[in-house]
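The figures that follow rest on heavy atoms only: side chains count, while hydrogens, waters and symmetry mates do not. Every number for a ligand or one of its atoms is a count from 1 in the order of the listing.
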Amino acid sequence: MTEAAIATPLTPFERLGGHATMAAIADRFYTLIETDPAYAQVRAMHGPDLTPIKASLASFLAGWSGGPRDWFTQRPGRCMMSIHAAYAISPVAARQWAEAMDRTITDIAPPDGQLADTMRQLLSDMALAMGR
Ligand code: HEM
């Protein structure tokens, strides 16, 4: 058997650029939320210091995309939907979140563009499903 035939396929996490991409996405996303009035509803729902949530988002994205699962092991039995069920998220806020993430992924441009589009779509669907 050749080496290529037994090689383990790369995870989406690896194909998207690993921790560097997830950290860049989290940083860009909350910077947009912080600075662009178009996302004011989302900003208003968060505390003054976005540093902890930035780290949390980067860690979540790593585990969610098939990388290190620290975010999930630190929160046994929790998922994004159950965590957000505690908040009253309007459809407008959900759309703001999805639009800011869409812009973020365009700005960061992870190396595998096709996979980045899939990520964009899945995160948008997840955010819009939280609006009610
Ligand atoms: C795919 C969609 C979403 C993802 C991946 C996401 C990500 C996160 C993360 C990682 C946390 C921190 C949880 C923790 O550390 O345990 C969080 C908390 C929070 N999210 Fe989201 N979120 C999403 C959608 C939304 C939407 C649509 C809103 C509406 C504004 C929202 C508002 C909040 C609020 C209010 C908190 C808690 C406040 C805080 O910790 O500052 N999220 N979210």
Trainee: I'd like to know if the side chain of Arg43 reaches the main chain of Glu34, judged simply by a donor and an acceptor atom lying under 3.5 Å from each other, with no hydrogens or angles considered.
Mentor: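 Such a contact is absent between Arg43 side chain and Glu34 backbone.
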Trainee: Heavy atoms only: give me the nearest Cys79-Trp71 pair and the separation to one decimal.
Mentor: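 Here Cys79 and Trp71 meet closest at C-CH2, 4.4 Å.
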Trainee: Is Met45 touching ligand 1 with its side chain, its backbone, both, or neither, if touching means heavy atoms under 4.0 Å apart?
Mentor: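 The part of Met45 near ligand 1 is both the backbone and the side chain.
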Trainee: Could you label the plane-to-plane angle of the Phe60 and Phe72 rings as parallel, tilted or perpendicular, counting under 30° as parallel and over 60° as perpendicular?
Mentor: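 Phe60 and Phe72: tilted rings.
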Trainee: Compare every heavy atom of Leu10 with every heavy atom of Arg15, then report the nearest pair and how far apart it is.
Mentor: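 Looks like CG-CB, 3.7 Å.
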Trainee: Under 4.0 Å from any heavy atom of Met130, which atoms of ligand 1 are there?
Mentor: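 Within the 4.0 Å cut-off of Met130, ligand 1 contributes 2 (C), 3 (C), 23 (C), 24 (C), 25 (C).
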Trainee: Report, in ascending order of atom number, the atoms of ligand 1 lying under 4.0 Å from any heavy atom of Ala94.
Mentor: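 In order of numbering, the contacting atoms are 27 (C).
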Trainee: Can you name the atoms of ligand 1, numbered from 1 with element, that are less than 4.0 Å from a heavy atom of Met126?
Mentor: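 Going through ligand 1 atom by atom, the ones under 4.0 Å from Met126 are 1 (C).
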Trainee: Got a donor-acceptor contact below 3.5 angstrom from the Asp36 side chain to the Tyr39 backbone?
Mentor: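 A pair under 3.5 Å: no.
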Trainee: So between Ile89, Leu122, Leu123, Leu57, whose heavy atom ends up nearest atom 29 (C) of ligand 1?
Mentor: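 That would be Ile89.
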Trainee: Taking the minimum heavy-atom distance to atom 39 (C) of ligand 1, which of His46, Gln96, Met81 ranks first?
Mentor: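 Answer by nearest heavy atom: His46.
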Trainee: Show which atoms of ligand 1 fall inside a sub-4.0 Å distance from at least one heavy-atom site of Ala127.
Mentor: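 By the 4.0 Å cutoff, the relevant atoms are 1 (C), 2 (C).
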Trainee: Quick one: does ligand 1 sit under 4.0 Å from the side chain of Met80, the backbone, both or neither, non-hydrogen atoms only?
Mentor: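 The answer is the side chain of Met80.
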Trainee: Looking at CZ of Phe29 and CG of Leu50, how far apart are the two atoms once the value is rounded to the nearest 0.5 Å?
Mentor: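 If we round to the nearest 0.5 Å, Phe29:CZ and Leu50:CG are 10.0 Å apart.
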Trainee: May I ask whether Arg75 places a heavy atom under 4.0 Å from ligand 1?
Mentor: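 Contact present.
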Trainee: Do Ile105 and Pro110 have side chains that get closer than 4.5 Å, going by heavy atoms?
Mentor: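 A side-chain contact exists here, since the closest heavy-atom pair is under 4.5 Å.
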Trainee: Restricting to non-hydrogen atoms, name the atom on Arg132 and the atom on Ala85 that form the minimum distance, rounded to 0.1 Å.
Mentor: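 Smallest interatomic distance, heavy atoms only, reads NH2-O, 3.6 Å.
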Trainee: Just need the protein heavy atom nearest to atom 4 (C) of ligand 1, so name the residue and atom and give the distance.
Mentor: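 Looking at atom 4 (C) of ligand 1, the protein heavy atom closest to it is Trp97 CZ2, 3.2 Å.
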Trainee: So is there a nitrogen or oxygen of Ser56 less than 3.5 Å from a nitrogen or oxygen in ligand 1?
Mentor: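 Yes; at least one N/O pair falls below 3.5 Å.
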Trainee: Any side-chain heavy-atom pair from Leu57 and Met22 closer than 4.5 angstrom?
Mentor: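 Heavy-atom side-chain distance check fails, nothing below 4.5 Å.
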Trainee: When you measure from the side chain of Glu14 to the backbone N and O of Thr11, does any donor-acceptor pair fall under 3.5 Å?
Mentor: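 Yes: the side chain of Glu14 pairs with the backbone of Thr11.
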Trainee: Which atoms from ligand 1 have a heavy atom of Ile53 less than 4.0 Å away?
Mentor: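 Listed by number with element, the hits are 11 (C), 12 (C), 17 (C), 18 (C), 19 (C), 39 (C), 40 (O), 41 (O).
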Trainee: For atom 36 (C) of ligand 1, what's the nearest protein heavy-atom neighbour? Residue, atom name and distance, please.
Mentor: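 Protein heavy atom with the smallest distance to atom 36 (C) of ligand 1: Tyr87 CE1, 3.6 Å.
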Trainee: Which atom name does His84 have for its N/O/S atom nearest to atom 21 (Fe) of ligand 1?
Mentor: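 His84's closest N, O or S atom to atom 21 (Fe) of ligand 1 is named NE2.
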Trainee: How does Gln41 reach ligand 1, if at all, at less than 4.0 Å between non-hydrogen atoms: by side chain, backbone, both, or neither?
Mentor: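 No part of Gln41 comes within reach of ligand 1.
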